Q: 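Got a structure here, written out as structure tokens. Questions coming.
Predicted model only: the values in this text are computed from it and were never measured.
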Amino acid sequence: MTDDQLQKAKKKALMLLTDRDRSVAELTEKLQKAGYEEAIIKETLSYVSSFGYLDDARYARHFIEYYSGSRSYQRIRFDMGQKGLSKAVIDDAFEALEDPDEKPLIRKLVAKKWRTVKGERREKEAKVIQSLGRKGFRIGDIRAVLEEMEEPDDPEEEV
């Protein structure tokens with residue numbers, strides 16, 4: 001391990017983190033792809049962590065905050081796993097949620113989708129359920145929202 005390589009790795013890591021937050025696994029992968037040795041990567045991760053630039057718990061909380069308005073919690077969990085976050089970190093981040101109810105988001109997405117889907121009510125319901133189901137929302141929650149909404153495109157029913 002040379003000091004020159006270590007300094008280059010540190011600069012690369014800091015550059016990557018100025019772009020956006022990254023998980024430890026993401027940053028490790030980026031440094032590996034850049035050709036740095038394990039010892040240099042370990043030292044670099046320790047260096048950026050010492051400044052608070054690398055924190056998987058914070059990353060998980062921000063990830064949930066950012067995507068909770070457009071994705072189901074199931075999908076967010078999956079995506080966070082893909083980013084290399086551990087199950088424990090993901091679970092802790094979700095425990096900190098104030099309101100884990102997805103129904104307000106489902107209402108909003110149903111109202112939006114309802115306007116674009118063609119067909120009779122039963123056809124529209126089936127298409128909306130399929131669409132939101134593919135996004136990771138529970139079918140039971142989608143059906144409950146559809147049942148409680150008289151006409152999903154009614155502006156007073158939107159959230």
Q: Could you tell me the separation between the CG atom of Leu16 and the NZ atom of Lys11, rounded to the nearest 0.5 Å?
A: 14.5 Å

Q: Decide yes or no on side-chain contact (heavy atoms from CB on, under 4.5 Å) for Lys8 and Ile40, but give the supporting numbers first.
A: CA-CA 10 Å; Lys8 285 181 181 179; Ile40 290 176; over 6 Å; no

Q: Any idea which heavy atoms bring Gly133 and Ile142 closest together, and the distance?
A: N-CD1, 3.7 Å

Q: I'd like to check the side chain to side chain donor-acceptor pair (under 3.5 Å) partners of Asp91; sequence neighbours left out, ordered by chain and number.
A: Arg77, Lys87

Q: Using the test side chain to side chain contact (heavy atoms under 4.5 Å, CB included), find all partners of Ser131 that sit at least two apart in sequence or belong to another chain.
A: Lys113, Arg134, Lys135

Q: Test of understanding: with side chain to side chain contact (heavy atoms under 4.5 Å, CB included), list the residues that count as partners of Glu123, not counting sequence neighbours.
A: Glu120

Q: If you look only at pairs with a residue in residues 57-75, which of them pass as a salt bridge (charged side-chain N to carboxylate O under 4.0 Å, His left out), with sequence neighbours excluded?
A: Asp21-Arg58, Arg71-Asp79, Arg75-Asp79

Q: Measuring from Met80:CE to Ile90:CD1, what's the distance to the nearest 0.5 Å?
A: 4.5 Å

Q: Nearest heavy-atom pair of Val48 and Ala13: which atoms, and what distance?
A: CG1-CB, 4.0 Å

Q: Using 0.5 Å steps for rounding, measure from the CG atom of Leu54 to the CG atom of Leu17.
A: 6.0 Å

Q: Among residues at least two apart in sequence or on other chains, which ones pass ring-ring contact (aromatic ring centres under 6.0 Å, His included) with Tyr67?
A: Phe63

Q: Count the heavy atoms belonging to other residues, nucleotides or ligands that lie under 6.0 Å from NZ of Lys127, then report whether that count exceeds 12.
A: yes

Q: Could you state the interatomic distance from CZ (Phe94) to CD1 (Ile64), rounded to the nearest 0.5 Å?
A: 4.0 Å

Q: In chain order, what residues pass the side chain to side chain donor-acceptor pair (under 3.5 Å) check against Gln82, with sequence neighbours excluded?
A: none

Q: Give the cluster check for Leu31 versus Leu14: same hydrophobic cluster or not, with ILVMFWY residues linked at side-chain heavy-atom distances below 4.5 Å.
A: yes

Q: Of all residues at least two apart in sequence or in a different chain, which pass the side chain to side chain contact (heavy atoms under 4.5 Å, CB included) check with Glu26?
A: Arg20, Arg22, Ser23, Tyr59, Lys83

Q: For Leu109, enumerate each residue passing the side chain to side chain contact (heavy atoms under 4.5 Å, CB included) test, keeping only those at least two apart in sequence or located in another chain.
A: Leu105, Leu132, Phe137

Q: Suppose the criterion is ring-ring contact (aromatic ring centres under 6.0 Å, His included): which pairs have a residue in residues 15-50, not counting sequence neighbours?
A: Tyr47-Phe51

Q: Can you sort out the partners of Arg138 under side chain to side chain donor-acceptor pair (under 3.5 Å), two or more places apart, ordered by chain and number?
A: Asp141

Q: Are more than 12 heavy atoms, taken from residues, nucleotides or ligands other than Gln32, located less than 6.0 Å from that residue's CD atom?
A: yes

Q: If you take all heavy atoms of Ala25 and Gly84, which pair is closest and at what distance?
A: CB-CA, 3.6 Å

Q: For Glu29, check salt bridge (Lys or Arg N to Asp or Glu O under 4.0 Å) against everything at least two apart and list the hits.
A: Lys33

Q: Please enumerate all residues that pass salt bridge (Lys or Arg N to Asp or Glu O under 4.0 Å) together with Lys42, with sequence neighbours excluded.
A: none

Q: Please round to the nearest 0.5 Å and tell me the distance separating atom CG of Asp56 and atom OG of Ser49.
A: 8.5 Å

Q: What distance do Arg115 atom CZ and Lys124 atom NZ have between them, rounded to the nearest 0.5 Å?
A: 10.5 Å

Q: Say whether Val89 and Phe78 are linked into one hydrophobic cluster, either directly or through other cluster members, by side-chain heavy-atom distances under 4.5 angstrom.
A: no

